[in-house]
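Structure first, commentary second.
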Amino acid sequence: MQKEKREIIYSIVIIIAIPLLVVANTLFISRAVRSAYNSELRRKANSVNAIMAESLREQIVAEDTESLNEKLTALTKERNELASVYIAKKTSDGLAVIARSPDAPTKLSTSGQFQANLAYDKQQPIAKFANVTKNGQLGQAWVVNTPLIDPDTKKTIAVVSSSVLTTDSEEVINKVFMTSLFMLLVTVVIIVALLLRHMRLLGYAQLLAKQREVNQTMSDFLSVATHELKAPMSIIKGYISNVIEDTQPPLNNDAKEQLGVALAQTDRLNGLVQDLLNVSRVEQGRVTYEIQRVVLSEVLVPIVKNYTMIAAEKNITIQYTPDPGIAVIADQGRVQEIFTNLVDNAVKYSQAGSITITVRAEMSRVIISVHDTGIGMTSEQRSRLFQRFYRVKTEETKDISGTGLGLWIIKKYAEAMGGTITVDSIVGSGSEFCVTLPKSAN
Ligand code: ADP
């Protein structure tokens with residue numbers, strides 16, 4: 001619950017923080033663009049003023065108002081961004097307009113006077129931002145006052161004032177804003193989509209954690225239950241054996257047969273408990289491997305010996321030619337379990353025929369094959385063979401008891417020792433299980 005709360009807070013912070021960062025970035029960029037554009041505009045206006053003043057110097061000095069008016073009018077018509085231009089000269093009443101374009105004021109306003117005077121006295125260009133009109137339309141402009149200085153006397157002759165409209169720069173800034181707004185929207189959509197995905201993944205992760213917990217509990221239960229079952233079962237088995245063998249006077253055949261069945265079922269139960277115990281050990285990583293040199297014939301000969309009698313009862317022969325020169329690097333006990341299981345299955349799932357064990361050494365591995373002429377299986381059954389609890393269900397197997405755990409367990413053993421187990425089989429012809437294990441060098 002605490003974790004979920006934290007996740008929600010985290011999501012909300014992201015949803016708010018990222019768009020805020022994008023907005024801040026947009027504002028910063030547009031401000032920088034506006035400032036760069038404005039200073040460029042002022043610089044341009046000033047140099048236009050300076051060039052204009054120089055080229056009109058004679059007319060300004062002579063106060064040729066008519067010709068100046070004509071030129072200034074032509075200039076504002078030619079250049080769209082130029083709202084108005086005027087030239088002011090000092091009179092006894094202060095600065096007065098001597099020539100102007102149509103939209104320029106005839107008389108300077110107080111603030112216009114102030115700016116122009118400043119440029120006049122300081123002999124420096126002075127700019128201010130103001131609302132202006134051009135052709136009857138209102139706009140915003142930089143009004144730049146540039147002094148015209150006499151090169152000989154170094155005195156100011158006049159002030160040229162231009163109003164340069166900022167329409168172009170506003171357009172650029174607006175474009176930047178709109179693009180940023182669009183990017184902001186896209187960002188928010190992406191963030192929301194990512195968060196939704198994140199939430200879903202979080203849900204899966206929690207589910208997985210819960211499943212792991214349940215698996216662990218089941219595994220622990222299996223481990224304890226099977227362990228606890230083992231002791232009473234050995235006691236039951238011991239007592240039944242004692243009754244069969246030591247009862248005086250000896251039991252009649254009927255009673256012996258019935259107790260024999262009880263003993264066989266106890267053995268079966270014992271096998272099941274042992275399989276479950278092994279599964280829980282594999283799952284909990286509690287299987288220990290004492291890796292050493294294992295001479296295969298030393299493991300295989302006793303197994304073959306154990307199963308020869310049982311196999312003979314079903315008219316099955318077991319063929320194996322021991323080669324004491326071939327050894328693997330593995331755990332002897334696990335190797336024994338692997339081949340006991342494979343030979344046991346070969347006998348169990350054959351009605352008659354033969355079982356052949358062959359051992360072949362390669363460069364770095366040894367391949368041991370257990371081949372039988374038993375019932376075999378289809379490719380679909382074969383593909384599921386090493387799954388836990390999988391048993392082939394056919395007419396032929398329905399009376400054969402088992403857990404479907406043996407192959408799963410021994411595959412885990414083989415893999416843990418750096419080996420593999422594979423199977424090849426044809427229905428009705430038999431099966432071949434191939435085990436590979438790392439070869440011992442000597
Ligand atoms: P169990 O024999 O206890 O059922 P295993 O894991 O050893 O469990 O085997 C799984 C299944 O694979 C068996 O139920 C059987 O259907 C099939 N199987 C195993 N070995 C053979 C074999 N040699 N021939 C045919 N089927 C086999």
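In listed order, ligands and their atoms are each counted from 1. It should be emphasised that the depicted structure is a prediction, and the values quoted were computed from it without experimental measurement.
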Quiz item: What protein heavy atom is closest to atom 9 (O) of ligand 1, reported as residue, atom name and distance in Å?
Solution: Leu407 CD1, 3.6 Å
Quiz item: Do any N/O atoms on Thr397 end up under 3.5 angstrom from N/O atoms on ligand 1?
Solution: no
Practice problem: Using only heavy-atom distances, determine whether the side chains of Ser425 and Arg382 contain a donor-acceptor pair under 3.5 Å. | Solution: no
Quiz prompt | Numbered atoms of ligand 1 (with element) below 4.0 Å of Leu405, judged on heavy atoms | solution = 6 (O), 8 (O)
Quiz item: Should Ile375 be counted as touching ligand 1, given the test is an N or O pair under 3.5 Å?
Solution: no
Self-check item: Element-labelled atoms of ligand 1 that are located less than 4.0 Å from some non-hydrogen atom of Asn341
Solution: 7 (O)
Exercise. Tell me which protein heavy atom sits closest to atom 12 (O) of ligand 1, plus the residue, atom name and distance to 0.1 Å.
Key: Leu385 CD1, 3.1 Å
Self-check item: Side-chain donor or acceptor of Asp372 paired with backbone N/O of Ser431 under 3.5 Å
Solution: yes
Practice problem: Please determine if Glu213 and Lys210 form a salt bridge, counting it only when a charged side-chain N lies under 4.0 Å from a carboxylate O. | Solution: no
Quiz item: Taking both backbone and side-chain atoms of Met377, is any N or O found less than 3.5 Å from an N or O belonging to ligand 1?
Solution: no
Quiz prompt | Salt-bridge contact Lys411-Glu415 (side-chain N to carboxylate O under 4.0 Å) | solution = yes
Practice problem: Tell me, please: is Lys348 in heavy-atom contact with ligand 1, that is, under 4.0 Å? | Solution: yes
Practice problem: Indicate yes or no for a side-chain donor-acceptor contact from Lys230 to the backbone of Gln274 under 3.5 Å, with no hydrogens or angles considered. | Solution: no
Exercise. Kindly confirm or rule out an N or O of Thr403 lying under 3.5 angstrom from an N or O of ligand 1.
Key: yes
Quiz item: What residue and heavy atom of the protein are closest to atom 1 (P) of ligand 1, and at what distance?
Solution: Gly404 N, 3.5 Å
Self-check item: Reported CG-to-CZ distance for the pair Leu21 and Phe28, which is rounded to 0.5 angstrom
Solution: 13.5 Å
Quiz item: So which heavy atom in the protein is nearest atom 23 (N) of ligand 1, and how far is it from that ligand atom?
Solution: Asp372 OD2, 2.9 Å
Quiz item: What part of Ile400, side chain from CB on, backbone N/CA/C/O, both or neither, has a heavy atom under 4.0 Å from ligand 1?
Solution: neither
Practice problem: Would you mind finding which of Phe389, Phe386, Tyr390, Tyr349 brings a heavy atom closest to atom 14 (O) of ligand 1? | Solution: Tyr349
Quiz prompt | Per-atom contacts, ligand 1 versus Arg391 - under 4.0 Å to a heavy atom | solution = 1 (P), 4 (O), 14 (O)
Quiz prompt | Heavy-atom pair of closest approach, residues Thr187 and Ile18 | solution = CG2-CG2, 3.8 Å
Quiz item: Do the side-chain N and O atoms of Thr420 and Arg365 include a donor-acceptor pair separated by under 3.5 angstrom?
Solution: no
Quiz item: Quick check: does any side chain N or O of Thr73 sit under 3.5 Å from a backbone N or O of Ser101, one acting as donor and the other as acceptor?
Solution: no
Exercise. Answer with yes or no whether Gly374 contacts ligand 1, where contact means a heavy atom under 4.0 Å from a ligand atom.
Key: no
Quiz item: Taking both backbone and side-chain atoms of Asp275, is any N or O found less than 3.5 Å from an N or O belonging to ligand 1?
Solution: no
Quiz prompt | Glu432-Ser369 side chain donor-acceptor pair, cut-off 3.5 Å | solution = yes
Exercise. Indicate whether any N or O donor in one side chain lies under 3.5 Å from an N or O acceptor in the other, for Gln216 and Asp220.
Key: yes
Self-check item: Min N/O separation Gly376 to ligand 1 under 3.5 Å
Solution: no
Quiz item: Of Arg79, Lys71, Met52, which is the lone residue that meets side chain to side chain contact (heavy atoms under 4.5 Å, CB included) with Val85?
Solution: Met52
Exercise. Among all protein heavy atoms, pick the one closest to atom 7 (O) of ligand 1 and tell me residue, atom and distance.
Key: Asn345 ND2, 2.8 Å
Exercise. Using distance alone, decide if ligand 1 has a nitrogen or oxygen within less than 3.5 Å of any nitrogen or oxygen in Phe433.
Key: no
